[in-house]
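Have a look at the structure below, then the notes.
Excluded from the calculations below are hydrogen atoms, water molecules and symmetry mates; all remaining heavy atoms, backbone and side chain alike, are included.
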Amino acid sequence: MVGPHNRAGSSGRLREADLLGSDPENEIKTKRDKEKNDSANISDYLCNAADDHCFVVDKVTGGSVKMQLNLFSLVLKLVVAITAFFLLLTSLRRVVSNSKKPLHSITGGYWWVALQEQLVSDFSDIQELSLGSSRVKEVEYCSKEYENYVPCFNNSKNSLQLDRHCEWGSRVNCLVIPPKNYRLPLKWPAGRDVIWYANVKISAQEVLTSGALTKRMMMLEEDQISFRSDSLMFDGVEDYAHQIADMIGLRSVSDFNQAGIRSVLDIGCGYGSLGAHLFSRNLMTMCIANYEPSGSQVQLTLERGLPAMIASFSSKKLPFSSLSFDMLHCARCSIDWASKDGIYLVEADRLLKPGGYFVWTSPVASVHRSAEANENQKKWQFVHQFAESLCWDMLSQQDDTIIWRKTAHKNCYASQKHNSNPPICKKGSDVESPYYQPLHLCIGGTQSERWIPIEQRTAWPSRANLNSSELKLYGVPNEEFSVDSLKWKSAIQEYWSLLSPQIFSDHPKRPGDEDPSPPFNMLRNVLDMNAQFGGFNHALLEAGKNLWVMNVVPTTASNTLPLILDRGFIGTSHNWCEAFPSYPRTYDMIHADGLLSLETHQHQKCSMLDLFLDMDRLLRPEGWAIFRDTHSMIELARALATRLRWDARVVDVEANVAEGVLICHKPFPGESSRT
């Protein structure tokens, strides 16, 4: 149910009464007031769905009801006429944009048919929204075959399932439902070690026969998949992590932080067991792996409450900034580093910070024990020589594991032979935050002002608090950064004062107690869709919340991703006109501050409904979505949330009259969703 929108008061906090509803005694009972309210209701939701703007007509005051309705009717006709005119132009622009051809070059009747289809769709959206939130047509549920639907990957053109193919109009416009026996994940940290078998798409055979190093750390136990240390892996993940520390020259994994290691990119991560172990040592590990229709490494890792996303070493650069990770790890990750003239090693070098570590565990490293010694010998020789050309220093080798360290000195590249391969990237092609740009066989990141060796960076958690000299690297004024930090510190308190009665309603807690263990709503995986400086992430950690945040910097916003990654957080660039590279039901909370205004003003070719459908796909049942935006955008978001069958409440930020907050709760779908 949609709650009231009351802007009165000056407490400077989000009012809990706005979230929980209004007094029934205050409802309008007279016929005259009902007529006024109905007229206002129509005007409030008369939207231009083509550009996702709402045209709001103010209520007429004074005079008779008849005069008000006549005047409103005149204004309404004028608005409809103007809207129809601009809708025609916008729909035509969309058709031309999506065809990727100029209008004069589109031959035949295609453009006219496409324009008709676009107009029908846009007018349909306007008609539905103009009826008011109580009568808006709800989006239908998808069929069972879409339970694990991942747009940009679930299509026939992507048979190898490596590169993304995000084509306009290729997504389904329906709500993805969970599997029949889906159950809410266990609360962290129990959910790290045990997940429900029905929640993920994996066969019992895949569980028993998975061959990757960290994949072998799981066992099937009735309706659960258990991740324990007593696995078939040689000595368990703890001993493996200790081996890595020893090869680097550290006494234990606990010393990683003092050595400048905080962020780790785990390539082909298995099911996240190494990341789970490192997380307990204050290291943040991002798992990336190819899209997999079944037995997905990314899906199972996220189900465990660990950071992961679909990403591939294929033909495109990964959507991370250069010089972003302190360590890259690949344990039997199925990447042929010797292929394509070493271009994948070049991409790994781009992602590594100066002085960072590349850890590789592979049979190729043990050519003397390999049954395919000749072939592996050739690959090993290529990787060994190519690593030297990248100015990597091989630190140690033990059994199948080798560790290199990237140079911390730029002059190493100048000392290389003039005709050495690969060359240094030219300034024009050395983009700091490429978004799926083609791979280039050249060394990137050398011209960045962020070229700082990891041992010279502040250790975690102090790394998250950037000083004024550090902020200059990103062109961010110290005052702006401080204001942002204070804003989110206050906002987190406000959010939790509203959410706690809902999340912990079955287990009331006393002041000073830690959050209890609810049987339902838990918060572990959080998606911040417009992360800006990462202030939301930082405020959550300072408040002691035991969770992690995927910080997303939209491609339509200022590029703050390098700042976020250098603070020791994880994040990625993303175009929100495309589906986010993750599986359904992988986040407990979605946060969007100013995103709707940002995307609307950019005149994207996708609709706001497309964006909300992807949010619903990513959000777990019983999950939460929080929108912070202008009042007009909040009203539009509330109407769209109603179409998604979410419960929504609008509250005001009285310290900032220009902003409103919409808190949405995604209920568990009923049995009707499967009919």
Checklist entry - Between the side chain of N411 and the main-chain N/O of A414, is any donor-acceptor distance below 3.5 Å? => result no
Checklist entry - Stepwise, does the side chain to side chain contact (heavy atoms under 4.5 Å, CB included) test hold for I626 with I590? => result CA-CA 6 Å; I626 301 178; I590 291 177; over 6 Å; no
Item to check | Set of residues satisfying side-chain contact (heavy atoms from CB on, under 4.5 Å) with respect to E432, sequence neighbours excluded | outcome: S448, R450, P562
Checklist entry - Given side chains that start at C-beta, do those of K316 and L439 come closer than 4.5 Å, heavy atoms only? => result no
Item to check | disulfide (SG to SG under 2.5 Å) partners of residues 298-364, not counting sequence neighbours, each pair once | outcome: C330-C333
Checklist entry - Looking at G305 and N525, what are the two nearest heavy atoms and their distance? => result CA-OD1, 3.3 Å
Next on the checklist: Under a 3.5 Å threshold, yes or no: a donor from one side chain and an acceptor from the other, between T401 and D399?
Outcome noted: no
Checklist entry - Can you list the steps and then say if Y495 with H591 is a ring pair (Phe, Tyr, Trp, His ring centres under 6.0 Å)? => result CA-CA 11 Å; Y495 291 167; H591 181 254; 5.7 Å; yes
Item to check | Pair N551-N537, side-chain donor/acceptor within less than 3.5 Å | outcome: yes
Checklist entry - Checking ring pair (Phe, Tyr, Trp, His ring centres under 6.0 Å) for the pair W451/H409: CA distance, chi angles, key distance, verdict? => result CA-CA 9 Å; W451 184 280; H409 307 287; 9.1 Å; no
Item to check | Gap between atom NE2 of H574 and atom CD of E578 - 0.5 Å precision | outcome: 6.0 Å
Checklist entry - Crowded around E480 CD? As in, over 12 foreign heavy atoms under 6.0 Å? => result yes
Checklist entry - Taking side chain as C-beta onward, heavy atoms only, is M529 less than 4.5 Å from P554? => result no
Checklist entry - Got more than 12 heavy atoms from elsewhere within 6.0 Å of CD, E479? => result no
Checklist entry - Listed by chain and number, what are the side-chain hydrogen bond (donor to acceptor under 3.5 Å, both in side chains) partners of R350, not counting sequence neighbours? => result S322, E347
Next on the checklist: Assess, by modelled atom type and distance only, whether the side chains of N290 and S312 contain a donor and an acceptor separated by less than 3.5 Å.
Outcome noted: yes
Checklist entry - Do R164 and Y436 meet the cation-pi criteria used here (NZ or CZ under 6.0 Å from the six-membered ring centre, within 45° of the axis)? => result yes
Checklist entry - Going by the angle between their ring planes, with limits at 30° and 60°, are F382 and F386 parallel, tilted or perpendicular? => result parallel
Checklist entry - I195 and L300: side chain to side chain contact (heavy atoms under 4.5 Å, CB included), yes or no, with the steps? => result CA-CA 8 Å; I195 66 174; L300 269 76; 4.1 Å; yes
Checklist entry - Can N559 and S433 be counted as having a side-chain donor-acceptor contact under 3.5 angstrom? => result yes
Checklist entry - Is the count of non-hydrogen atoms from other residues, nucleotides or ligands lying under 6.0 Å from Q381 atom CD greater than 12? => result yes
Checklist entry - Can you check side chain to side chain contact (heavy atoms under 4.5 Å, CB included) on V264 and F256, steps first, answer last? => result CA-CA 11 Å; V264 179; F256 274 8; over 6 Å; no
Checklist entry - Charged N to carboxylate O under 4.0 angstrom, R405 versus E455? => result yes
Checklist entry - Run the side chain to side chain contact (heavy atoms under 4.5 Å, CB included) check on K353 and R457 step by step: do they pass? => result CA-CA 11 Å; K353 291 178 180 176; R457 291 184 177 272; 4.0 Å; yes
Checklist entry - Taking it one step at a time, do D326 and S263 satisfy side-chain hydrogen bond (donor to acceptor under 3.5 Å, both in side chains)? => result CA-CA 5 Å; D326 306 309; S263 55; 3.2 Å; yes
Next on the checklist: Is it true that S582 and T586 share a donor-acceptor pair across their side chains at a distance under 3.5 Å?
Outcome noted: yes
Item to check | Sidechain N-carboxylate O distance under 4.0 Å for K187, D588 | outcome: no
Checklist entry - Between W460 and F569, how do the two ring planes meet: parallel, tilted or perpendicular, split at 30° and 60°? => result perpendicular
Checklist entry - Charged N to carboxylate O below 4.0 Å: is that the case for D484 and K489? => result no
Next on the checklist: I need the L186 CG to E303 CD distance, nearest 0.5 Å.
Outcome noted: 9.5 Å
Checklist outcome for this item: Interatomic distance, CZ@R262 vs CG@L565, rounded to 0.5 Å, equals 11.5 Å
Next on the checklist: Testing the 3.5 Å rule here: is there a donor-acceptor pair between the side chains of Y240 and H277?
Outcome noted: no
Checklist entry - Can you tell if the side chain of E388 reaches within under 4.5 Å of the side chain of H384, non-hydrogen atoms only? => result yes
Next on the checklist: With disulfide (SG to SG under 2.5 Å) as the rule and sequence neighbours excluded, what pairs involving residues 423-471 come up?
Outcome noted: C425-C442
Next on the checklist: Testing the 3.5 Å rule here: is there a donor-acceptor pair between the side chains of Y587 and R524?
Outcome noted: no
Next on the checklist: Does either side chain, that of W392 or that of D349, offer a donor lying less than 3.5 Å from an acceptor on the other one?
Outcome noted: yes
Item to check | Cation over ring face, R304 and Y271, 6.0 Å, 45° | outcome: no
Checklist entry - Between CG of L352 and CE of M327, what distance do you get to the nearest 0.5 Å? => result 9.5 Å
Checklist entry - Between W404 and F358, how do the two ring planes meet: parallel, tilted or perpendicular, split at 30° and 60°? => result tilted
Next on the checklist: Please give me the minimum heavy-atom distance between L345 and L390, naming the atom from each residue.
Outcome noted: O-CD1, 3.8 Å
Checklist entry - Is the F533 ring parallel, tilted or perpendicular to the F481 ring (thresholds 30°, 60°)? => result tilted
Item to check | Contact list for residues 333-345, test side chain to side chain donor-acceptor pair (under 3.5 Å), sequence neighbours left out | outcome: K340-Y344
Checklist entry - Do R332 and P363 touch side chain to side chain, with heavy atoms closer than 4.5 Å? => result yes
Checklist entry - Within the side chain of S482, is there an N or O that forms a donor-acceptor pair under 3.5 Å with the backbone of N478? => result yes
Item to check | Reported OH-to-CZ distance for the pair Y474 and R567, which is rounded to 0.5 angstrom | outcome: 10.0 Å
Checklist entry - Mind checking what makes side-chain contact (heavy atoms from CB on, under 4.5 Å) contact with C391, not counting sequence neighbours? => result T407, C412, Y413, Q416
Checklist outcome for this item: Between S573 and Y435 the two heavy atoms that sit nearest each other are O-CE1, 3.5 Å
